[in-house]
Amino acid sequence: MLPTTEPPFDPIFVEEPLLIPNYKETIISTVGLPFYADVTRPDEVPADERERTIDLAERILRAGGVRTGFGHHEEVRTSMEVWAPNADEECDADSGYWRSHVLLMSPQEMNFGQLDGEPEVRYKKAKTVLALARECIDSDVLQEIERSQAEDIKQAWYDAAEAELSQREIEQFAEDPPDKLDGWTKLDANHDAVKIAYVADNHGTPSVAAVFEGADSELEALEFTLEEWQENDGNPRAARPNRFCVTTDGDGAYAQLRSHLLTFEVESMEPLEV
């Protein structure tokens, strides 16, 4: 089960709650942040029960085909129109708006699982889809879709918490670079443009990786061979780079350098060797 600080999402098709108290704080702690860390809710995570209901309904519509027993395009719409009670038909399960909201749904909404309209309208359309699903779709399929939604919510929070942790580590690295990091040793640079530099034997090539201020005053992160670095008196603006420093973990030159240092398996070099 997944905990949550919000009121637990009531199970719709499964028998047990899929979200239980404090799951956000639990995930935040698991990745290494303090449980009280402020992690922004990911866009793909429903903010409340209504958004969760809409998301679940859209997932059911997107499942379609053999999995739900419905075909595509007009077959979905036709099946819903046949199912929905007529205006003068009494039905205990009918909320009073099933049929009207079936008719409000366009073929595009049904075919692509993207409900349109104001929040209240989208919510009523979603409730209508769930009512149809409960009567017309195998319960095992619906439970699988609902569990998949819960797992996606959990994964989104994990990703957001890990991104927050990485950003904090990048900021700490920029403020107080360690003397050693994963085989790299901090190098005392002798050029004003250099903000921080590290040296290591990178796959047989003595190398320097550095953050420096480029000619346009923007910070850059590049790797140079030690030979090229020394021939240009430690001036990164003049030296020919050996590798670019890139990252998918954070933005900016310090994030690129940190990612670069953690990516390569290197052999340490003491400053006296430089």
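Hydrogens, waters and symmetry mates play no part in the numbers below; they use all other heavy atoms, side chains included.
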Compute whether any side-chain donor of one residue and acceptor of the other, for [X] and [Y], lie under 3.5 angstrom apart.
X: Q167; Y: E171; result: yes
X: Q114; Y: R62; result: no
X: N242; Y: T225; result: no

Side-chain heavy atoms of [X] within contact of [Y], under 4.5 Å:
X: N232; Y: E228; value: yes
X: I60; Y: I137; value: yes
X: F35; Y: K24; value: no
X: L222; Y: R243; value: no
X: R147; Y: D152; value: no
X: T247; Y: R258; value: no
X: L56; Y: F13; value: yes
X: Y123; Y: L115; value: no

State the [atom1]-[atom2] distance between [X] and [Y], to the nearest 0.5 angstrom.
X: T128; Y: M80; atom1: OG1; atom2: CE; answer: 6.5 Å
X: K124; Y: M105; atom1: NZ; atom2: CE; answer: 13.0 Å
X: D55; Y: R50; atom1: CG; atom2: CZ; answer: 15.5 Å

Would you confirm whether [X], through its side chain, and [Y], through its main-chain N or O, come within 3.5 Å as a donor-acceptor pair?
X: E220; Y: E213; value: no
X: N22; Y: E25; value: no
X: E164; Y: A160; value: no
X: R168; Y: Q172; value: no
X: D201; Y: G204; value: yes
X: D233; Y: N235; value: no
X: S166; Y: E162; value: yes
X: T205; Y: S207; value: no
X: K125; Y: V102; value: no
X: H260; Y: Q256; value: no

Honestly curious: do [X] and [Y] fall in one hydrophobic cluster under the side-chain, below-4.5 Å linking rule?
X: F212; Y: V208; answer: yes
X: W157; Y: L33; answer: yes
X: V141; Y: L130; answer: yes
X: L261; Y: I196; answer: yes
X: L61; Y: W83; answer: yes

Pairs flagged by ring-ring contact (aromatic ring centres under 6.0 Å, His included) wherever residues 173-201 is involved - sequence neighbours left out:
none
Listed partners of T30 passing side chain to side chain contact (heavy atoms under 4.5 Å, CB included), at least two apart:
T26, Y158
Would you sort out whether R134 and I12 count as a side-chain contact (heavy atoms from CB on, under 4.5 Å), showing the intermediate values?
CA-CA 9 Å; R134 185 173 283 105; I12 297 176; 3.4 Å; yes
Decide, yes or no, whether a salt bridge links R59 with E146 under the criterion of side-chain N to carboxylate O below 4.0 Å.
no
Charged N to carboxylate O under 4.0 angstrom, E58 versus R122?
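So E58 pairs with R122 through a salt bridge.
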Where does the angle between the aromatic ring planes of H203 and F264 fall among parallel (under 30°), tilted (30 to 60°) and perpendicular (over 60°)?
perpendicular
If you compare all heavy atoms of A156 against all heavy atoms of V45, which two are closest, and at what distance to 0.1 Å?
CB-CG2, 3.6 Å
Minimum heavy-atom separation for G183 to S268, with atom names?
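Result for this residue pair: O-OG, 3.1 Å.
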Would you please test L165 and E169 for side-chain contact (heavy atoms from CB on, under 4.5 Å) and show each step?
CA-CA 6 Å; L165 176 63; E169 291 175 341; 3.9 Å; yes
